[in-house]
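Below is one structure, written out as structure tokens; comments come after it.
Remember, it's 1-based here, ligands and their atoms both numbered in the order they're listed.
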Amino acid sequence: MTALADLLREVRACQLCAAHLPLGPRPVVHVSATARLLIASQAPGTKVHQLGISFWDASGDRLRDWLGMEKSVFYDESQVAILPMGFCYPGRLEAGGDAPPRRECAPQWRDQLLAAMPAVRLTLLVGSYSLDYVARREGWAKASMTERVHDFRSYLPRHFPLPHPSWRTGVWERRNPWFVTDVLPALRLAVADAFAR
Ligand code: SF4
């Protein structure tokens, strides 16, 4: 049994914030010791909770479209790891929309899992929760998600900031046309480079 397999067994048995999870714990992570690309996302929605497969929804279709990546590569754990900031469905906000990732999760598991994935060359920081968490850890200056995405070159070669690919992002994309013309071609090159390095 490898260190990563042992760790995954512990993750799958985790009950740390069970009292706050309306559907109970069901950690959804996709990791391997050989993955070159890491997708640091937000938290599962209800559909992902039911199926146990990250981004098996419209958000995933949008993200794969941005990456120009087929599902066969996206779900090949030996190449692509998917690690949300919260591994279990966190429930809904009273005001509507999904609740933020449980704050207990990343401090409990993230560093241990990253240590067991030494081949990762590029991390896509998908959405404000992963951007803010990594910004605090890396000591980056304060900036909005849009500013970080616009300034993506500053974060290469290790990180690539992205918005969360939810349906709301369609409006954001239309307001920020440079995302399609400048950022997406660079994203695809950065991913190809991570696989090649
Ligand atoms: S969200 Fe994370 S910390 Fe909470 S029960 Fe799931 S795996 Fe454990």
Return the set of residues passing salt bridge (Lys or Arg N to Asp or Glu O under 4.0 Å) with Arg121 (not counting sequence neighbours), or none when no residue passes.
none
Any carboxylate oxygen within less than 4.0 angstrom of a Lys/Arg side-chain nitrogen, looking at Arg9 and Asp6?
yes
Side-chain polar contacts of residues 87-94 - donor-acceptor pairs under 3.5 angstrom, sequence neighbours left out - could you list them?
unit_1: Arg92; atom_1: NH1; unit_2: Asp98; atom_2: OD1; d: 3.4

Do we see a donor-acceptor contact under 3.5 Å between the side chains of Thr34 and Ser32?
yes
Would you call Glu138 and Arg158 a side-chain contact if the rule is heavy atoms closer than 4.5 Å?
yes
Kindly write out the residues that satisfy side chain to side chain contact (heavy atoms under 4.5 Å, CB included) with Gln15, not counting sequence neighbours, or none if the list is empty.
Ala18, Pro25
Under 2.8 Å from atom 2 (Fe) of ligand 1, how many protein N, O or S atoms can be found?
1
